[in-house]
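No experiment lies behind these values; they were computed from the predicted model shown. So that the names make sense, note that chain A is the first sequence line, chain B the second, and so on, each numbered from 1.
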Protein chains: 2
Amino acid sequence: MSNHPADDGQTGIKSVDTSLDIVETLTTEGPMTITELAEVLDRSPSNVLAHLRTLERRGFAVKENDRYRPGLRYYEVGNSIKENYPLYVHGTDPADELAADTGEYVWLMVVEQGLGYYLYKTGGEDAVESGAYTTGSRWRLNATASGKVVLAHMDDDELDEVLDAHGLHSMTPNTITDRDALEAELETIREQGFARDREEAAVGIRGVAAPVRGLDGVIGTVSLSGPASRIEGEYFQSKLPQLVTETADIIRIKHNGARAVDR
Amino acid sequence: MSNHPADDGQTGIKSVDTSLDIVETLTTEGPMTITELAEVLDRSPSNVLAHLRTLERRGFAVKENDRYRPGLRYYEVGNSIKENYPLYVHGTDPADELAADTGEYVWLMVVEQGLGYYLYKTGGEDAVESGAYTTGSRWRLNATASGKVVLAHMDDDELDEVLDAHGLHSMTPNTITDRDALEAELETIREQGFARDREEAAVGIRGVAAPVRGLDGVIGTVSLSGPASRIEGEYFQSKLPQLVTETADIIRIKHNGARAVDR
DNA sequence: CGTATTGTTCGACCATGTCAAATCACCCAG
DNA sequence: CTGGGTGATTTGACATGGTCGAACAATACG
């Protein structure tokens with residue numbers, strides 16, 4: 001019935017699944033009418049209407065000139081999640097500084113359920129805006145510098161779990177898709193303390209990422225990215241890693257300091 | 001059973017409501033265990049578990065050291081909504097400039113279901129960070145300069161509807177809570193083309209807001225806010241209104257220009 | 001070891017989510 | 001103004017499946 005993974009025998013609420021199907025369809029496909037939704041999801045219009053009424057009453061869906069779209073309550077809930085992340089709270093200012101110093105994009109990423117979410121993006125006045133690169137969207141961990149950093153600091157069980165769940169998906173010809181090659185890369189990352197992205201997520205874009213360590217484990221990453229024309233040579237080899245690692249340290253210190261004071 | 005408004009006889013999906021109850025509780029109260037949630041929402045733990053399993057499988061809830069919290073998919077959906085707003089797409093750069101020129105906070109606000117949502121906040125290096133003021137949260141329209149601007153440009157039916165739905169809630173002693181006083185204020189706003197906030201949303205904070213007009217009606221607002229100690233005198237009376245209105249015009253032109261090109 | 005607490009499974013009941021069909025609202029073409 | 005077509009909404013009836021309680025498992029604590 002549902003086309004979603006993990007539709008296993010487990011307990012679950014099917015009607016909640018349909019509401020989520022509706023919202024996800026509206027986010028990916030754009031605003032739709034009731035009949036269109038009913039068509040796509042293969043359910044009766046009356047049923048779709050019932051769901052949309054519930055969602056609309058709660059602010060999670062909105063009718064806008066005869067079409068429905070997800071409501072801004074998603075934005076409200078999402079923002080509140082973001083602001084509860086220590087990485088975001090303590091990371092934005094240092095990230096802004098790094099961006100100002102380098103003129104490139106600087107990112108903050110966290111991992112949830114084996115996928116990377118970019119919580120913050122800053123800077124990049126000189127850079128070309130590449131549409132796909134934006135905050136909020138999910139990324140597979142093997143394809144980005146930030147993702148590889150997090151993978152490098154997982155124990156083996158976690159690593160297996162993540163790779164089993166999401167695989168080694170290829171984004172560009174340079175994406176690491178071989179398990180052994182990935183293991184070697186992760187070892188290198190552990191040794192040097194940071195990761196490089198050699199046009200593995202998008203052609204023409206290189207980057208460097210460093211882990212931000214919390215009291216137990218990595219709480220997220222800082223990364224910097226820009227066009228391969230600028231990110232190269234000694235700058236790419238040693239200067240940027242140094243800058244990014246320093247920024248990660250600043251965030252770590254702010255974070256751990258704040259935690260101690262919390263008590 | 002439910003404590004929510006509009007629990008009228010209309011058609012709706014009750015189990016979706018409970019899932020939304022769960023998520024909203026988790027956002028406002030913070031991470032909770034299953035039994036805690038069951039307690040608060042007055043339902044069986046097994047039922048709460050079934051909901052959380054569904055939400056977790058879809059990334060809309062996450063278990064984090066024995067407690068559940070809303071998942072980052074809310075952030076993802078919310079961000080995608082935000083980025084579809086023309087006000088956001090064309091407004092951030094002009095807002096940044098205004099913030100750089102004045103050193104105060106600059107905001108972009110849109111209205112959904114009669115409530116104001118701030119999509120963007122920028123600047124304010126000199127200003128004190130006031131916790132409640134953040135993007136994403138909903139505001140009643142009568143209590144802010146931005147809100148009043150939108151109300152001023154509604155037709156009477158809409159105005160009645162909004163005020164009936166959300167009332168004239170007071171935030172500070174200066175909040176306009178009288179219907180006639182509000183009508184007079186809205187008339188003034190229409191005449192002068194912008195609105196002032198005289199410590200009506202928060203004590204010690206003043207602001208100015210201007211409407212951004214689209215092809216049919218107001219698509220949102222730009223506003224500027226800061227401490228009453230700085231926002232006063234001639235600056236508050238004429239300079240700021242001029243700057244904010246200019247910024248609104250810049251956004252409007254970018255917006256309408258872009259729309260024409262879309263064809 | 002027991003005891004308390006929370007998470008999870010299971011079975012059964014009946015609320016309710018679902019669909020089909022009928023009705024209504026709206027828009028155009030003629 | 002009329003009629004036909006499209007999409008939204010209402011209604012009623014059926015069976016799915018959402019719900020709860022009770023039993024069970026897992027864990028923590030003394």
Nearest-Å distance for atom pair [atom1]/[atom2], residues [X] and [N]:
X      : N       : atom1 : atom2 : result
I13(A) : dG18(D) : CD1   : C1'   : 6 Å
L37(A) : dT9(D)  : CG    : P     : 13 Å
D42(A) : dC19(C) : CG    : C1'   : 12 Å
L52(A) : dG17(C) : CG    : P     : 15 Å
L41(B) : dT19(D) : CG    : C1'   : 14 Å
K14(B) : dC20(D) : NZ    : C1'   : 16 Å
K63(A) : dG7(D)  : NZ    : P     : 14 Å
M32(A) : dA8(D)  : CE    : C1'   : 16 Å

Closest to side chain of [X], choosing from [options]:
X      : options                  : value
L49(A) : dT9(D), dA8(D), dT19(D)  : dT9(D)
Y68(A) : dG18(D), dT9(D), dT19(D) : dT9(D)
H51(A) : dT18(C), dT10(D), dT9(D) : dT18(C)
N47(B) : dT19(D), dT8(C), dT18(C) : dT19(D)
R43(A) : dG7(C), dT16(C), dT18(C) : dT18(C)

Atom CD of E158(B) with >12 non-hydrogen neighbours under 6.0 angstrom: yes
Can you tell me if D178(A) has over 12 outside heavy atoms packed within less than 6.0 Å of its CG? yes
For dG18(D), take OP1 and OP2 only and decide whether either is under 4.0 Å from a side-chain N or O of R53(B). no
Return the 5'-most residue of the pair S15(A), D66(A) with respect to DNA chain D, ranking by each residue's nearest nucleotide. D66(A)
If you pin V16(A) and I34(A) to their nearest nucleotides in DNA chain D, which one's is more 5'? I34(A)
Could you tell me whether the side chain of N142(B) and the main chain of L168(B) form a donor-acceptor pair under 3.5 Å? no
Using a heavy-atom cut-off of under 4.0 Å over every strand shown, decide if S44(B) touches base, sugar-phosphate, or nothing. base
Filter on ring-ring contact (aromatic ring centres under 6.0 Å, His included), then keep only pairs touching residues 26-62 of chain B, sequence neighbours left out; what's left? F60(B)-Y74(B)
Taking all non-hydrogen atoms of both residues into account, name the closest pair between A152(B) and I189(B) and its distance. CB-CG2, 3.8 Å
Looking at every non-hydrogen atom in both residues, tell me the closest pair between V110(B) and I219(B) and how far apart they are. CG1-O, 3.7 Å
Any chance you could encode DNA chain D as dot-bracket? Rule is Watson-Crick or G-U wobble with both distances under 3.5 Å; [ ] for pairs crossing earlier ones, | for another strand. |||.|||||||||||||||||||.||||||
Please evaluate the base of dA20(C) for a donor-acceptor partner in the side chain of S46(A) within a cut-off of under 3.5 Å? yes
Identify every side-chain donor-acceptor pair in residues 63-71 of chain B under 3.5 Å, counting partners at least two apart or on other chains, and give the distances.
from   : atom 1 : to      : atom 2 : distance (Å)
E64(B) : OE1    : R69(B)  : NE     : 3.3
E64(B) : OE2    : R69(B)  : NE     : 3.2
E64(B) : OE2    : R69(B)  : NH2    : 3.1
R67(B) : NH1    : E36(B)  : OE1    : 3.0
R67(B) : NH1    : E36(B)  : OE2    : 3.3
R69(B) : NH1    : E112(A) : OE1    : 3.1
R69(B) : NH2    : Y85(A)  : OH     : 2.7
R69(B) : NH2    : E112(A) : OE1    : 2.9

Taking side chain as C-beta onward, heavy atoms only, is T18(B) less than 4.5 Å from I13(A)? no
